[in-house]
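Just so it is clear, the values below take in all heavy atoms, side chains as well, and ignore hydrogens, waters and symmetry mates. This is a predicted model, so every value here is computed, not measured.
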There are 2 protein chains.
Amino acid sequence: MKLETVTLKDIAKALNLSTSTVSRALRDSYEINENTKKKVAEYAKKVRYVPNPIALSLKDNKTKAIGVIVPEIANNFFSQAINGIEDEAYSRGYHVVICQSHESLEREKENFRHLFARKVDGVLISLSGTSKDINHILEYSENDFSVVFFDRVPENESFHKVVANNVAGAFNATEYLIKQGKKRIAHITSPQSLSISQERLEGYRKALETHGIVFDESLVKYCGFDPEEAFLAIDNLIDSQNPDAFFICSDRLALNCYEVLQKRYENKINDMMFFGFTNLNVSHLFRPQLSTVVQPAYEMGMQAAKILLDKLESKKKNQEYEKIVLETYLKIS
Amino acid sequence: MKLETVTLKDIAKALNLSTSTVSRALRDSYEINENTKKKVAEYAKKVRYVPNPIALSLKDNKTKAIGVIVPEIANNFFSQAINGIEDEAYSRGYHVVICQSHESLEREKENFRHLFARKVDGVLISLSGTSKDINHILEYSENDFSVVFFDRVPENESFHKVVANNVAGAFNATEYLIKQGKKRIAHITSPQSLSISQERLEGYRKALETHGIVFDESLVKYCGFDPEEAFLAIDNLIDSQNPDAFFICSDRLALNCYEVLQKRYENKINDMMFFGFTNLNVSHLFRPQLSTVVQPAYEMGMQAAKILLDKLESKKKNQEYEKIVLETYLKIS
DNA sequence: AAGTTCTTTGGAAACGATTGCATAAATTAT
DNA sequence: ATAATTTATGCAATCGTTTCCAAAGAACTT
């Protein structure tokens with residue numbers, strides 16, 4: 001059983017030393033004789049000693065693990081963000097526990113409880129679509145538990161945040177459509193409570209304004225997470241508002257929208273244009289064509305992880321809260 | 001600081017008992033007086049006592065965590081499989097640590113080392129595309145560390161495995177194309193070392209055979225993980241082999257293939273048909289149309305997790321290795 | 001009434017590592 | 001040569017929990 005995990009005690013016994021000496025030798029303490037150090041190091045290597053992270057965790061109440069809560073893994077934006085988080089975390093010796101809220105506040109609370117009970121050192125989170133407040137998070141963060149938000153963030157000032165420049169992204173997308181001669185641009189978006197919805201709407205409005213188009217509320221549809229609801233909204237919109245373009249603010253809604261189009265409007269949509277706000281890596285293969293505002297998902301994840309880990313590893317209580325805003329780019333199809 | 005974690009010792013002190021009594025009371029031991037139990041339970045609830053999982057882990061050398069190694073998260077098949085794994089694991093009180101091999105054997109080895117060092121109780125893995133043998137895994141599994149494979153599995157008999165019925169899926173897809181009148185069906189697939197490649201090729205051949213079409217090796221292309229290589233192979237194939245349909249065995253290759261088609265063959269492809277072996281949830285939106293063999297990814301993940309957890313939780317060393325084969329279905333676009 | 005059993009509780013070791021403190025031996029200073 | 005200092009090591013507590021063992025007191029037996 002060469003895999004039996006060997007402990008300090010085993011090494012101590014084998015070398016006729018005490019565990020404290022072995023421990024210090026391995027950490028290269030100045031108190032230990034060079035010869036002893038060498039002997040210990042050699043033997044430890046030979047038997048492939050690996051410190052037991054659990055014992056360490058118990059000792060200093062740190063797990064070297066961080067939690068991540070996202071609405072869904074099966075979403076390109078989030079899986080790319082997670083890649084960024086993992087790369088940063090692993091390279092710094094942390095591991096990552098991923099949870100999905102499935103857009104449910106209840107699940108999000110549960111995830112938090114779970115991660116906290118598991119004693120992760122901190123949490124990265126992108127809020128669920130039904131989380132209207134963050135009391136469930138304040139409860140933890142106010143007691144010195146580190147939380148960093150990314151993508152979908154709360155208004156509360158007292159948090160670190162990493163977001164895309166949603167206003168600019170939405171502005172650029174809308175402007176592009178306008179420049180293509182579109183006048184009645186429908187805007188399909190997520191629940192109003194989400195920061196991303198508000199900011200993207202703002203970009204959309206600004207672009208209209210800049211180009212002298214009157215904002216028409218009836219072209220805007222907020223959709224929850226029930227597909228049928230989205231289908232109906234989109235259907236109504238096409239029937240009654242006669243849009244010539246769509247600016248759709250999530251993967252999910254873009255797909256809902258295409259679903260409707262394919263089933264019911266094959267004939268009408270020839271000169272409609274579609275813009276999304278997605279990280280679908282296959283959007284260029286869609287017909288009708290779907291251009292999208294692409295967010296630097298990987299980068300966002302990495303930055304968020306970096307902020308969290310920096311915070312965890314700095315002694316001083318850094319009271320300044322960073323908000324990092326990353327630029328998006330347009331991918332025209 | 002209402003969040004300060006409370007320990008058994010705190011409860012003991014507050015109630016003037018010993019920690020052992022408190023511990024036993026909470027676990028409802030027969031030795032403890034009913035009144036004492038009640039008092040302890042009440043107080044524990046009041047102060048929201050949650051046992052420290054790290055202390056437990058240290059004690060019984062179990063972390064209630066399982067590791068998952070997949071090539072990529074940002075792939076619908078795997079993220080769906082992970083959903084299945086997580087649902088099963090969380091519902092049984094385990095958490096999940098996810099690692100990505102990025103199709104690299106080296107990374108896969110590292111992932112394994114990492115998970116083992118972190119003392120996860122077992123591992124679920126889908127092999128990387130460059131893992132030609134599994135010595136790096138045998139080393140662990142031979143020493144009583146539980147490993148369950150899913151999707152991309154080794155030949156080795158002494159493992160639990162959960163796979164899709166790749167042969168049947170490939171057969172059905174190919175047969176469908178044949179029935180649509182296709183005669184020269186190209187087959188683009190992953191490295192030959194992978195179980196999925198071999199099995200899907202087998203299904204493809206069988207279908208041809210069944211329908212009296214001679215298998216033509218030059219219609220088959222194995223592609224590694226370099227996109228340029230894939231582009232070239234597909235390009236050559238179209239130029240020199242005049243295929244009238246494609247059966248493409250992965251998300252990645254399907255995308256590579258479409259890349260080539262869009263850039264260079266817009267005119268030629270009108271009557272070509274395309275079949276994939278993917279869990280892309282948007283394949284019906286592609287043009288040219290992409291039908292696909294859909295695997296029960298969620299179910300596969302769940303079953304794999306179930307087998308692993310059952311194994312972890314059963315005392316007896318179950319020497320029979322299960323191989324579960326789940327059926328696929330065709331999604332025609 | 002003395003011994004036996006049952007009920008209920010506490011003490012202490014264990015899991016694996018770190019670390020403050022004590023101490024023995026070796027070296028240096030006076 | 002003796003005291004002071006340095007060098008090198010070990011002991012024991014700690015983190016939070018479980019569990020084996022001991023034990024005190026109550027209740028029972030004969």
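The residue A:Asn35 sits apart from the nucleic acid: no heavy atom pair falls under 4.0 Å. B:Asp10 comes within contact range of no nucleotide atom at all, as no heavy-atom separation falls under 4.0 Å. Heavy atoms of B:Thr36 sit under 4.0 angstrom from primed sugar atoms or phosphate atoms, though from no base atom.
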| said: ring pair (Phe, Tyr, Trp, His ring centres under 6.0 Å), that's the test. Do B:His114 and A:Tyr90 meet it? Break it down for me. | reply: CA-CA 10 Å; B:His114 174 251; A:Tyr90 280 86; 5.0 Å; yes
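Among the nucleotides D:dC15, D:dG10, D:dT17, the one closest to any side-chain atom of A:Leu17 is D:dG10.
If you take CG of B:Asn61 and P of C:dC15, they are 10 Å apart, rounded to a whole angstrom. Straight-line distance from the CG atom of A:Asn52 to the P atom of D:dC15: 18 Å, rounded to whole Å.
Side-chain N/O atoms of B:Lys9 include one lying less than 4.0 angstrom from OP1 or OP2 on D:dC15. The side chain of B:Thr7 contributes no N or O atom lying less than 4.0 Å from OP1 or OP2 of D:dG16.
Residues A:Arg24 and A:Ile32 come closest through the heavy atom pair CB-CG1, 3.7 Å.
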| query | If the sugar-phosphate is the primed atoms plus P, OP1 and OP2 and the base is the rest, what is the B/S/- string for nucleotides 18-28 of chain D, using protein heavy atoms under 4.0 Å? | reply | BBBB-------
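Looking at residues two or more places apart in sequence or on another chain, you find no side chain to side chain donor-acceptor pair (under 3.5 Å) involving B:Asn33.
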